[in-house]
Structures are given as C-alpha cells and as structure tokens.
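No hydrogens, no waters, no symmetry mates; every other heavy atom, side chains included, goes into these values. Along the sequence shown, the residues carry numbers beginning at 1. Here the structure is a predicted model, which means the values were calculated and not measured.
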Amino acid sequence: MRHGIDYDESFAPVAHSTAIRAALAIAVSRDWDITHIDVAQAFLNSEMGDKDVYVELPDDLPEEWKEKGKVCKLIKFLYGQVDAPRAWYKTLSTFLLDYGFEQAGYDGCTYIMKDKNGEPLLIL
C-alpha cells in the first residue's frame with residue numbers, strides 16, 4: 001500500500017442486516033435448510049497478487065536459518081494486514097461469480113444462484 005495511491009483500498013464490504021433478514025425470510029418461507037459456515041484462516045486463502053510484501057524473520061527461528069539482512073516475502077495475506085479483508089472479499093467474490101452465482105444489486109455481499117426459471121436456489 002502506498003500513501004496517496006492505494007492507501008484507502010482497505011475497505012471490505014459487509015452484508016447489510018436487511019439482506020440477511022430477507023435471505024432468512026425466503027429460506028423459511030420455502031422450507032430451505034439454513035447452514036452457517038466459517039472459512040478457517042480465510043485471509044490465508046487470498047493471494048498477494050502483484051504486491052511485494054516483505055517481513056523480518058521471526059525471532060524464534062533457529063540460528064542456522066538466520067542470515068544478516070534476510071527477509072521473508074509473503075505469498076499470502078496475514079491477519080492484521082490492513083488490506084487482507086479486501087483481498088479475501090475479492091478472492092471469494094471471484095470464486096462465487098465463476099461458479100455461477102450472481103451478485104445481488106442491493107448488497108455487494110449477497111450472492112444468488114438461480115434455476116432456469118430465475119427462481120433463487122441458493123443465497124449466500
């Protein structure tokens with residue numbers, strides 16, 4: 001991230017409570033099963049892309065692995081990085097859209113898979 005260029009690109013959308021309530025109402029009215037999932041270590045599943053981020057070697061590494069001036073280049077985001085939530089959102093969004101979901105116009109965090117008649121089959 002560079003101040004003045006992409007420093008503010010850390011925003012990751014969050015589902016609106018009205019979209020969640022609407023999805024639950026549809027599920028209940030159609031007698032659908034409702035399931036909750038949590039992606040373990042979600043940020044570690046998003047790639048750094050074209051960013052080069054380096055970190056110092058951890059202090060607890062064995063001495064034989066340490067060389068003066070050496071650093072580690074990250075290939076995945078870590079928790080605590082300011083832009084990690086946005087990167088995870090982009091990764092998940094790309095996957096869902098490629099899989100056939102449509103992004104709801106009223107909420108950027110709501111994805112709908114429809115049948116051939118346009119009826120919702122699955123709402124995320």
Side-chain angles (χ1 to χ4, degrees):
M1 295 176 64
R2 297 162 303 223
H3 189 67
I5 298 173
D6 59 357
Y7 192 75
D8 295 327
E9 292 185 17
S10 61
F11 171 76
V14 177
H16 296 144
S17 59
T18 52
I20 295 170
R21 286 195 302 267
L24 290 173
I26 291 169
V28 168
S29 70
R30 295 178 181 209
D31 198 28
W32 288 353
D33 291 332
I34 299 173
T35 304
H36 170 273
I37 63 167
D38 186 14
V39 177
Q41 303 175 352
F43 294 162
L44 297 177
N45 291 303
S46 40
E47 301 286 336
M48 295 294 289
D50 60 351
K51 292 185 176 205
D52 289 331
V53 177
Y54 298 90
V55 295
E56 294 179 357
L57 296 172
D59 292 333
D60 58 350
L61 275 179
E63 284 301 318
E64 62 269 13
W65 290 8
K66 292 183 182 181
E67 292 183 36
K68 189 160 181 78
K70 294 279 184 170
V71 293
C72 294
K73 181 179 178 181
L74 296 179
I75 57 172
K76 303 272 187 175
F77 280 91
L78 298 175
Y79 284 91
Q81 285 181 265
V82 175
D83 47 353
R86 182 176 180 84
W88 167 241
Y89 169 76
K90 286 172 137 181
T91 300
L92 180 62
S93 179
T94 300
F95 173 81
L96 292 173
L97 293 171
D98 289 348
Y99 198 74
F101 284 85
E102 296 175 15
Q103 195 170 23
Y106 54 84
D107 186 349
C109 289
T110 302
Y111 295 85
I112 303 169
M113 182 175 279
K114 298 178 181 177
D115 65 11
K116 60 184 176 215
N117 299 323
E119 290 293 315
L121 291 174
L122 189 61
I123 302 172
L124 298 176

> Taking all atoms of both residues into account, what is the closest heavy-atom pair of Thr91 and Asn45, and its distance?
Replying inline: CG2-O, 3.7 Å
> Between Leu24 and Ile34, which heavy-atom pair has the shortest distance, and what is it?
Replying inline: CD2-CD1, 3.8 Å
>> For the SG atom of Cys72 and the CD atom of Glu56, what is their distance to the nearest 0.5 Å?
In response: 10.0 Å
>> Checking the side chain of Asn117 only, and the main-chain atoms of Glu119 only, is there a donor and an acceptor separated by less than 3.5 Å?
In response: no
> Do Tyr89 and Ser46 have side-chain N/O donor and acceptor atoms under 3.5 Å apart?
Replying inline: no
> Between Phe77 and Val53, is any pair of side-chain heavy atoms under 4.5 Å apart?
Replying inline: no
> Do Tyr99 and Met113 come close enough that some side-chain heavy atom pair is under 4.5 Å?
Replying inline: yes
> NZ of Lys70: more than 12 outside heavy atoms within 6.0 angstrom?
Replying inline: no
> Is the shortest heavy-atom distance from the side chain of Thr18 to the side chain of Arg21 under 4.5 Å?
Replying inline: yes
>> A side-chain contact here means heavy atoms from C-beta on lying under 4.5 Å apart; do Leu78 and Leu44 qualify?
In response: yes
>> For the CG atom of Leu96 and the CG atom of Leu92, what is their distance to the nearest 0.5 Å?
In response: 4.5 Å
> If two hydrophobic side chains count as joined below 4.5 Å and joins carry through other members, does Ile20 share a cluster with Val28?
Replying inline: yes
